[in-house]
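To keep things clear, I will list the structure first and then write my remarks on it.
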Amino acid sequence: MKSHFFRTALVLGLLSAIGPFAIDMYLPALPSIGQTLNASMAAVQLSLMVFFVSMGIGQIIYGPVSDMFGRKAPLYFGLLLFAAGSIGCALAPDVHTLVVLRFIQGLGACAGMVIPRAIVRDLHTGHDAARLMSLLMLLMLVFSVSPILAPLAGSFLIEWFGWRSVFWAVTVAAALGLALLATSLPETRPASERVNSSVGSALAGYGKLLRDRHYLGLVLIGAFGMASFFAYLANSSFIMIDHYGLTPRQYSITFSVNATAFIGVSQFTGKLSQRFGLVKVVNIAVTGFAAVMAVLLLVNLGGVDRLDVLIALLFVGFGFLGLVVPTTAVLALEEHGEIAGTASALMGTLQFVVGALVMAVVGLFVDGSARPMVLGIAGSAIAAFVFARITLGGTRSVPAV
């Protein structure tokens, strides 16, 4: 049982990591792509932006399709589309072609982001689902070589073989995903459960979900939690290297410490939810998360601008966040097993939109100091706490088993 549990998480972790892997390895290639293709930095950055846009759009499509046709068929399609887009990017003659192919690549990548969450719901509920979801997050981090090591790996590939080698590398990752999908992951949505799934039922499902305040509240708790981490991801390198004077290697270590807190603590969600119940774990974790980030904001506003204080409080805060994200995802899908793909898709899209908006707002106030980032992180944490009180502060709850 444990072997099967880990094998499932292993396959789903690889599939979930392909999209982040294609983002993180790509970042060091931007300058050399501009030089090679004689393109402006704005045009090259557009190739990154369209990848995010297509991943957001695609999730809305893949979720219902996986409810209608099963989980494996759209995963095969997504991986093949991603591989085709990656090969096209590797051969792109100009930046305009690259932008179009990155959009196609993103449409393929998002299948691996939305469908594994639905598979988790197909297989488990309650604390077992929380355990699998948190293990999935860990393996996703490992397979994507983390947000720090992936750019480093990409930079070595670019130095040795040129920027096009990055796309050949992610094509290999897609091929490995296809092999594991074919040999190690059974279909988790049998034909008998697809009978009532159609385009009409998908639209009805989205309507139902958008009217379900409990579902939306849980999605927004996780969305603002992840948005705080996205704000850190987008701004921390500039702040720690330019403002605090760290070297890139020192920054990598500090980032890894906070990422480790987030992923490491998430591995306790299964045991904690089994003992205390999912709802209680979310309430305690989101309260701790908001409290620590509020302290960070107050300290910063009070004039304390020290790197050690920033790192310590982020470490504790992101540890609490590691309990919030997988548990809210499980709770959001708990009562929507019949449309788990649709529910997972809407969750992913809404969380993507919230994260992008928070990153954009923080970007408007960037001044070289840590304060805009801290405001974005703390504001997101407090918003997550408010939605938790509104959503889970009443009598409605989900049992621990």
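Computation of the quantities below employed the complete heavy-atom set of this structure, encompassing side-chain atoms and omitting hydrogens, waters and symmetry-equivalent molecules.
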Sub-4.5 Å side-chain heavy-atom contact between [X] and [Y]:
X      : Y      : answer
Phe161 : Trp168 : no
Val353 : Leu357 : yes
Trp163 : Leu37  : yes
Ile239 : Ser369 : no
Leu350 : Leu216 : yes
Leu246 : Leu307 : yes
Asp305 : Tyr244 : yes
Trp160 : Ser165 : no

Side chains of residues 86-95: which donor-acceptor partners sit under 3.5 Å, not counting sequence neighbours?
unit_1	atom_1	unit_2	atom_2	d
Ser86	OG	Phe82	O	2.8
Ser86	OG	Gln105	NE2	2.8
Asp94	OD1	His96	N	3.1
Asp94	OD1	Thr97	N	2.8
Asp94	OD1	Thr97	OG1	2.9
Asp94	OD2	Thr97	OG1	3.4

> Passes side-chain contact (heavy atoms from CB on, under 4.5 Å), Leu107 versus Phe51? Steps please.
Replying inline: CA-CA 8 Å; Leu107 285 178; Phe51 188 86; over 6 Å; no

> Can you name the residues that form a side chain to side chain donor-acceptor pair (under 3.5 Å) with Lys280, not counting sequence neighbours?
Replying inline: none

> For Asp308, which residues count as a side chain to side chain donor-acceptor pair (under 3.5 Å) partner, sequence neighbours excluded?
Replying inline: Arg306

>> Would Arg213 and Thr391 count as a side-chain contact (heavy atoms from CB on, under 4.5 Å) here? Give the steps.
In response: CA-CA 8 Å; Arg213 296 174 63 183; Thr391 307; over 6 Å; no

Is there a donor-acceptor pair under 3.5 Å between the side chain of [X] and the backbone N or O of [Y]?
X      : Y      : value
Arg71  : Ser66  : yes
Thr349 : Leu346 : no
Ser54  : Phe103 : yes
Arg211 : Gly207 : yes

Of all the heavy-atom pairs spanning [X] and [Y], show the shortest one and how long it is.
X      : Y      : answer
Asn300 : Ala370 : ND2-CB, 4.4 Å
Ala231 : Val362 : CB-CG2, 4.4 Å
Leu81  : Gly108 : CD2-N, 3.8 Å
Val324 : Thr328 : O-OG1, 2.9 Å

Residues which pass side-chain contact (heavy atoms from CB on, under 4.5 Å) with [X], listed by chain and number, not counting sequence neighbours:
X      : result
Leu314 : Tyr232, Asn258, Met293, Leu296, Leu310, Phe318, Ile377
Ala332 : Tyr215, Leu218, Val219, Met347
Leu301 : Leu297, Arg371
Val299 : Val295, Val304, Val309

> Tell me the side chain to side chain donor-acceptor pair (under 3.5 Å) pairs involving residues 171-181, sequence neighbours left out?
Replying inline: none

> For Phe385, what residues pass the ring-ring contact (aromatic ring centres under 6.0 Å, His included) criterion, not counting sequence neighbours?
Replying inline: none

> With sequence neighbours excluded, what pairs up with Phe224 under the ring-ring contact (aromatic ring centres under 6.0 Å, His included) test?
Replying inline: Phe387

